[in-house]
Each structure stands twice: as C-alpha cells, then as structure tokens.
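Everything on this sheet refers to the single structure shown next.
Per chain, numbering begins at 1; letters A, B, ... match sequence-line order. Keep in mind that what you see is a predicted model, and the values were worked out from it rather than measured.
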Protein chains: 2
Amino acid sequence: MELAEGKLKFIEAWGKLGSEWGINRTMAQVHALLLISPEALTTEEVMAELSISRGNANMTLRDLIDWGLVEKQHKTGERKEYFFAEKDTWIIARRVAEERKKRELDPVIKILGQLTEVKGDEKDPAFMAFKSSVININKLANNVNKTLETMLKAEENWFFGSIFKMFKK
Amino acid sequence: MELAEGKLKFIEAWGKLGSEWGINRTMAQVHALLLISPEALTTEEVMAELSISRGNANMTLRDLIDWGLVEKQHKTGERKEYFFAEKDTWIIARRVAEERKKRELDPVIKILGQLTEVKGDEKDPAFMAFKSSVININKLANNVNKTLETMLKAEENWFFGSIFKMFKK
DNA sequence: CCAAACTTTCAAAAATAAGTGAAAGAAAAG
DNA sequence: CTTTTCTTTCACTTATTTTTGAAAGTTTGG
C-alpha cells in the first residue's frame with residue numbers, strides 16, 4: 001500500500017470510529033489528518049484536504065482545541081494560524097477520557113445519587129426493583145469513575161504495565 | 001422524590017447517556033425501562049410506557065436481544081411474548097464491552113495492522129510522521145484490546161478489587 | 001484611521017438517523 | 001382449514017445532526 005492510500009484509509013477509519021463513539025465524523029477526520037501531518041496546517045489546508053467548508057473547518061478545529069487535542073501555532077512573520085495535533089497517544093487517550101468523564105459520567109453519577117434517595121413503599125416490587133437497579137448501577141458507575149481518576153493521573157507504562165502484571169499472577 | 005418521577009428521570013438519564021455513546025436513545029430508554037421493571041413486559045406495555053410505535057418497539061427489543069441485554073420469555077398458557085432485562089450490572093458492562101469490541105475495536109485493529117505495512121521514503125517527513133502515528137496508535141489499541149479481553153473473563157469483584165489494591169500500594 | 005488578510009458566526013440547506021403504522025407474515029387455537 | 005392473536009417488515013414521514021457560505025467581526029500593517 002502507498003502512503004497516499006494509507007492516509008485516506010487512516011482518516012476514514014478514524015472518522016468511522018469517532019462516529020461510533022458519539023464524536024462527529026468530521027472532527028475525528030480533522031484530528032486524523034493533523035495526527036499524521038509532520039507539521040502544523042492552516043485552515044485552508046484542512047479545508048482542501050478534506051473538502052470541507054470554511055465554517056466547518058473553523059468550528060471543528062475550535063472543538064478539537066477545546067478537547068485539548070489540537071493547538072494553535074503562529075509562525076513568525078505570518079498572519080495565518082496553524083494547527084498542530086498532540087501526537088502522544090497516551091495523552092490523547094487521557095484527554096478524551098477526562099473530557100468525557102466530565103461531560104457525561106459526572107452528570108450521570110449526580111443523578112444516580114439523587115435517585116438513590118427516592119422514597120417509597122418497601123412492599124412494592126416496582127419500588128424495590130427500581131431501588132436495587134439504581135443502587136447497583138450507582139456502584140458500577142463509581143467504580144468506573146475511580147478507575148478513570150486513577151488512569152488520569154497515571155503514566156502509560158505504569159498503568160498498562162500494572163494491569164498486565166496483575167493478570168499474570 | 002417519588003417513584004414515578006424517579007423512573008422518568010432514570011429513563012431520561014439512561015437515554016441521554018446512550019445517545020452520547022452512539023447508542024440510539026430509544027434503545028437505551030427501553031433498556032432502562034426493563035431494568036427497573038420487576039417483571040417481564042410485553043411489547044404493548046413498552047409501547048405504552050414510552051409512547052413509541054409498535055414497529056419501533058419491536059426493532060428496539062430485537063436489537064437489545066442481539067446485544068445480549070434482554071431476553072424473551074413466554075408465560076405458560078399465554079401467547080404473548082414478554083421481555084426481561086439482565087439486571088446484573090457487571091454482566092451488562094461486559095456484554096456491552098464485548099459487543100463494541102467485536103463491532104468496532106477489532107476492525108480498527110485490523111486496519112491499523114495493514115497500515116503498519118505501508119512502504120515509503122524514509123527521508124520523507126510526511127511518511128515518517130504517518131508511520132510513527134500508526135505504530136503508536138496500534139500499540140495503544142492493542143493494549144486496550146488485551147485489557148478488554150482480560151476484563152471479559154474476569155469476575156467483577158476480582159477485577160475492580162485488584163485494580164484498587166494495585167493503586168493502594 | 002483605513003484597507004487588506006484572516007477568522008468567526010449563524011441562518012438556512014443538506015444529509016443522516018430514527019420512528020411510524022399499515023400491511024404482510026406466522027403461529028396457535030378451534 | 002380458517003380464524004384469531006400476535007409479530008415482523010419496510011416504504012414513507014419526521015426529527016436530529018451536520019455542513020455550508022456569505023456576512024459580520026477582528027487583527028495587523030501601513
């Protein structure tokens with residue numbers, strides 16, 4: 001396979017994966033493009049490579065910056081802004097985990113906490129089923145939460161290294 | 001908070017979480033409804049509770065069965081089919097992880113493997129950047145894959161228990 | 001200031017995904 | 001069989017998400 005074909009496949013695969021995980025396809029594609037680019041690109045270049053509009057490129061790049069996956073760069077003597085992606089996959093994974101935890105897991109945990117407090121008739125099977133489901137999901141969510149918090153602090157080698165060691169015992 | 005209100009909040013929260021993770025909102029809501037229901041429900045009941053059409057209810061229930069999250073039940077002497085959700089959250093988490101691994105991670109790992117083989121000019125920065133990104137993502141993906149495989153075999157207590165123990169050292 | 005170069009916004013359009021409901025299909029009862 | 005009861009399908013509608021592009025906004029150099 002040639003580089004040009006490989007690039008296209010990579011961008012396509014990353015875009016598809018993103019959309020299966022609730023991330024807009026174009027955003028994942030722009031990220032992929034910047035990931036495999038040795039140097040920072042301008043908005044114009046991103047637009048041209050992926051055939052997307054100026055507005056779309058601008059918004060998408062801004063979102064990637066919000067996620068902490070892309071940075072603006074300025075070249076001396078130039079007016080244009082350049083965009084550059086973080087290349088360390090462990091940092092990428094952490095940023096994504098961090099952002100999604102904040103946006104999605106934290107709110108759900110808050111609601112589950114409230115739902116734990118729902119009062120009702122202990123003789124009512126509907127109430128008991130509700131209560132036990134909520135308690136169990138709450139436990140799982142808190143376990144996931146703690147694991148994520150640990151991961152966010154960890155070094156890659158230490159994190160995966162320790163997990164693997166643990167399973168070899 | 002009352003049970004009725006709690007139910008609605010739970011269904012709503014579960015639906016929202018689902019849609020943020022690429023799962024259709026109605027599917028997550030039907031799952032939520034069955035999760036907090038002490039007994040199996042009919043298609044009619046699901047339709048009524050969530051105000052959805054027969055077609056939608058039918059397709060959604062079938063999808064949930066495909067994901068291994070819901071089972072059909074037959075009551076003796078009755079024609080109707082009843083649907084019942086697995087209640088053990090650890091089993092739910094495992095089923096979801098298993099299914100998504102199969103549908104999403106495995107294909108991506110396959111493509112990454114192919115992209116590792118792309119040949120090009122070692123002097124070309126574009127080629128080198130591509131190659132190193134692909135290699136790094138490939139490594140991360142394989143780490144995630146191995147961790148998932150282990151998790152799929154594990155017991156909940158052992159899995160989270162071991163992770164926590166590990167981090168207390 | 002002003003004009004050129006560049007960036008951001010957002011209402012409208014396009015694309016995609018999800019939901020409906022009536023009709024067709026299946027299975028059990030009589 | 002054939003009627004009844006229940007389930008599945010799918011062409012069409014509706015809702016949601018994404019993209020566009022032109023206009024407004026901003027920054028910088030002269």
Checklist outcome for this item: Residues in residues 49-86 of chain A with a heavy atom under 4.0 Å of DNA chain D, by number, are A:Ser51, A:Ile52, A:Ser53, A:Gly55, A:Asn56, A:Arg79
Checklist entry - Which residues within residues 7-23 of chain B lie with some heavy atom under 4.0 Å of an atom in DNA chain D? => result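 When residues 7-23 of chain B is checked for heavy atoms under 4.0 Å from DNA chain D, there are no hits whatsoever.
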Checklist entry - Can any side-chain N or O of A:Ser51 pair as donor or acceptor with the backbone N or O of A:Met47 at less than 3.5 Å? => result no
Next on the checklist: For the backbone of A:Glu20 and the side chain of B:Arg100, can you confirm whether one donor and one acceptor N or O come within less than 3.5 Å of each other?
Outcome noted: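 Present.
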Checklist entry - Are more than 12 heavy atoms from other residues, nucleotides or ligands located less than 6.0 Å from atom CD of A:Glu78? => result yes
Next on the checklist: Tell me if the NZ atom of A:Lys139 is crowded by more than 12 foreign heavy atoms within 6.0 Å.
Outcome noted: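 Atom NZ in A:Lys139 is not packed in, count stays at 12 or less.
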Distance-only check: which donor-acceptor pairs under 3.5 Å involve side-chain atoms of residues 7-18 of chain B, not counting sequence neighbours?
unit_1, atom_1, unit_2, atom_2, d
B:Trp14, NE1, B:His31, ND1, 3.2

Item to check | Nucleotide range of DNA chain C lying under 4.0 Å from chain B heavy atoms | outcome: C:dA18 to C:dA28
Checklist entry - Hey, are B:Asn136 and A:Lys87 close enough side-chain-wise for a donor-acceptor pair under 3.5 Å? => result no
Next on the checklist: Let's go through A:Glu155 and A:Trp90 carefully: what are the C-alpha distance in whole Å and the side-chain angles of both, what is the deciding distance for side chain to side chain donor-acceptor pair (under 3.5 Å) to 0.1 Å, and is it a yes or a no?
Outcome noted: CA-CA 8 Å; A:Glu155 290 287 327; A:Trp90 179 245; 5.8 Å; no
Item to check | Where chain B begins and ends its contact with DNA chain D, read 5' to 3' at 4.0 Å from heavy atoms | outcome: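 First and last nucleotides in contact are D:dT5 to D:dC10.
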Next on the checklist: I'd like to know if A:Arg95 and A:Glu99 make a salt bridge, using a cut-off of under 4.0 Å between side-chain N and carboxylate O.
Outcome noted: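 No, this pair does not count.
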Checklist entry - Out of B:Asn143, B:Val108, B:Thr116, B:Ile111, which residue meets the side-chain contact (heavy atoms from CB on, under 4.5 Å) rule with B:Asn138? => result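 Exactly one option meets the side-chain contact (heavy atoms from CB on, under 4.5 Å) with B:Asn138, and it is B:Thr116.
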Checklist entry - Roughly how far, to the nearest 0.5 Å, is CG of B:Asn24 from CE of B:Met59? => result 10.5 Å
Next on the checklist: Can you confirm whether A:Val118 sits close enough to A:Val134 that some side-chain heavy atom of one is under 4.5 Å from a side-chain heavy atom of the other?
Outcome noted: no
Could you give the side-chain donor-acceptor pairs of residues 62-76 of chain B under 3.5 Å, partners two or more places apart or in another chain?
unit_1, atom_1, unit_2, atom_2, d
B:Lys72, NZ, B:Glu81, OE2, 3.2

